[in-house]
Amino acid sequence: MGNDGRGPDPLPRGGGRVPYEGVWRFTAPAVDASVPQARHAVRDLLARQGVPAPDELVQGLLLIVSELVTNAVRHAALLSPTLAVEVAVGAEWVRVSVEDNHPYRPTALFADHGQTGGRGLLLVREIAQEAGGTCDVEHTAGGGKVIWAALPLKPDGT
């Protein structure tokens, strides 16, 4: 897997593999129950693979997954009854993404402080930037979209 335009290449240069490296993808129905299920699946995957991510980074990733799956459930379910969650882990980065078949591409807008919602993508961007990562929204070949966030791993707490 090379860099497909979805942020930093999560795989190490020079062909060396790390034991926790890989790409995992699963689908879920676009229903409320999928939010905690996706969060738990990502948490368990990171733990099972032994990804050397500090707890703060893992908590940020889980919040990102929750926000992105919630957005897909709330805003895309009518046109996309299923969504896909992907986790890509390499030597230096971990990337999570949520894909749906709805063509609308959201943008991070300035929040209206009078509203109680509508800040999910802003929160995702803030978490990614604070961790030294990045995020974006892209169209898929099938006419839907994928929203992703890539965060740097800091092995051994460095």
Side-chain angles (χ1 to χ4, degrees), residues 1 3-11 20-90 93-112 115-153:
M1 175 180 158
N3 189 339
D4 59 4
R6 294 184 183 173
D9 190 343
L11 303 182
Y20 52 84
E21 175 185 280
V23 178
W24 297 267
R25 184 177 174 94
F26 60 91
T27 59
V31 297
D32 289 337
S34 293
V35 176
Q37 290 172 351
R39 185 176 56 246
H40 295 308
V42 171
R43 181 198 62 209
D44 294 347
L45 171 69
L46 295 173
R48 184 174 60 249
Q49 293 305 121
V51 177
D55 189 55
E56 183 176 316
L57 183 74
V58 171
Q59 294 307 314
L61 283 168
L62 298 179
L63 185 52
I64 288 170
V65 168
S66 292
E67 289 294 333
L68 296 182
V69 173
T70 296
N71 284 350
V73 168
R74 286 189 182 158
H75 304 294
L78 186 61
L79 296 179
S80 184
T82 61
L83 56 93
V85 177
E86 184 176 280
V87 180
V89 183
W93 290 87
V94 59
R95 183 178 64 216
V96 293
S97 63
V98 174
E99 181 178 336
D100 63 58
N101 292 322
H102 196 290
Y104 174 69
R105 180 181 168 154
T107 57
L109 303 174
F110 290 104
D112 176 350
Q115 291 182 326
T116 57
R119 295 184 181 98
L121 196 50
L122 286 171
L123 181 60
V124 167
R125 286 187 190 280
E126 180 146 333
I127 292 168
Q129 289 174 351
E130 188 174 301
T134 187
C135 65
D136 204 358
V137 181
E138 299 173 356
H139 290 287
T140 63
K145 68 183 164 302
V146 60
I147 305 175
W148 57 265
L151 306 182
L153 288 174

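Keep in mind that this is a model prediction, so the values were computed, not measured.
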Heavy-atom pair of closest approach, residues [X] and [Y]:
| X | Y | result |
| --- | --- | --- |
| Tyr20 | Pro52 | CE2-CD, 3.2 Å |
| Lys145 | Ala76 | NZ-CB, 4.3 Å |
| Ala72 | Val98 | CB-CG1, 4.2 Å |
| Glu138 | Trp148 | OE2-NE1, 3.3 Å |

Reported [atom1]-to-[atom2] distance for the pair [X] and [Y], which is rounded to 0.5 angstrom:
| X | Y | atom1 | atom2 | result |
| --- | --- | --- | --- | --- |
| Ile64 | Glu126 | CD1 | CD | 11.0 Å |
| Thr134 | Arg95 | OG1 | CZ | 11.0 Å |
| His40 | Leu62 | NE2 | CG | 9.0 Å |

Discussion item. I want to check something: taking the side chain as every heavy atom from C-beta on, are Leu57 and Leu151 in contact at a cut-off of under 4.5 Å?
Written reply: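 Leu57 reaches Leu151 side chain to side chain.
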Fill in: Side-chain touch Glu99/Thr140, heavy atoms, less than 4.5 angstrom
yes
Discussion item. Any side-chain to backbone donor/acceptor pair from Ser80 onto Asn101? Under 3.5 Å, distance only.
Written reply: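 Flag set: sc Ser80 to bb Asn101 pair under 3.5 Å.
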Worksheet item: Short question: side chain of Thr70, backbone of Ser66 - any donor-acceptor pair under 3.5 Å?
Response: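 Checking the backbone N and O of Ser66 against the side chain of Thr70, a donor-acceptor pair under 3.5 Å is found.
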Practice prompt. Quickly, which of Val96, Leu83, Asp100 forms a side-chain contact (heavy atoms from CB on, under 4.5 Å) with Val69? Name it, please.
Written response: Leu83
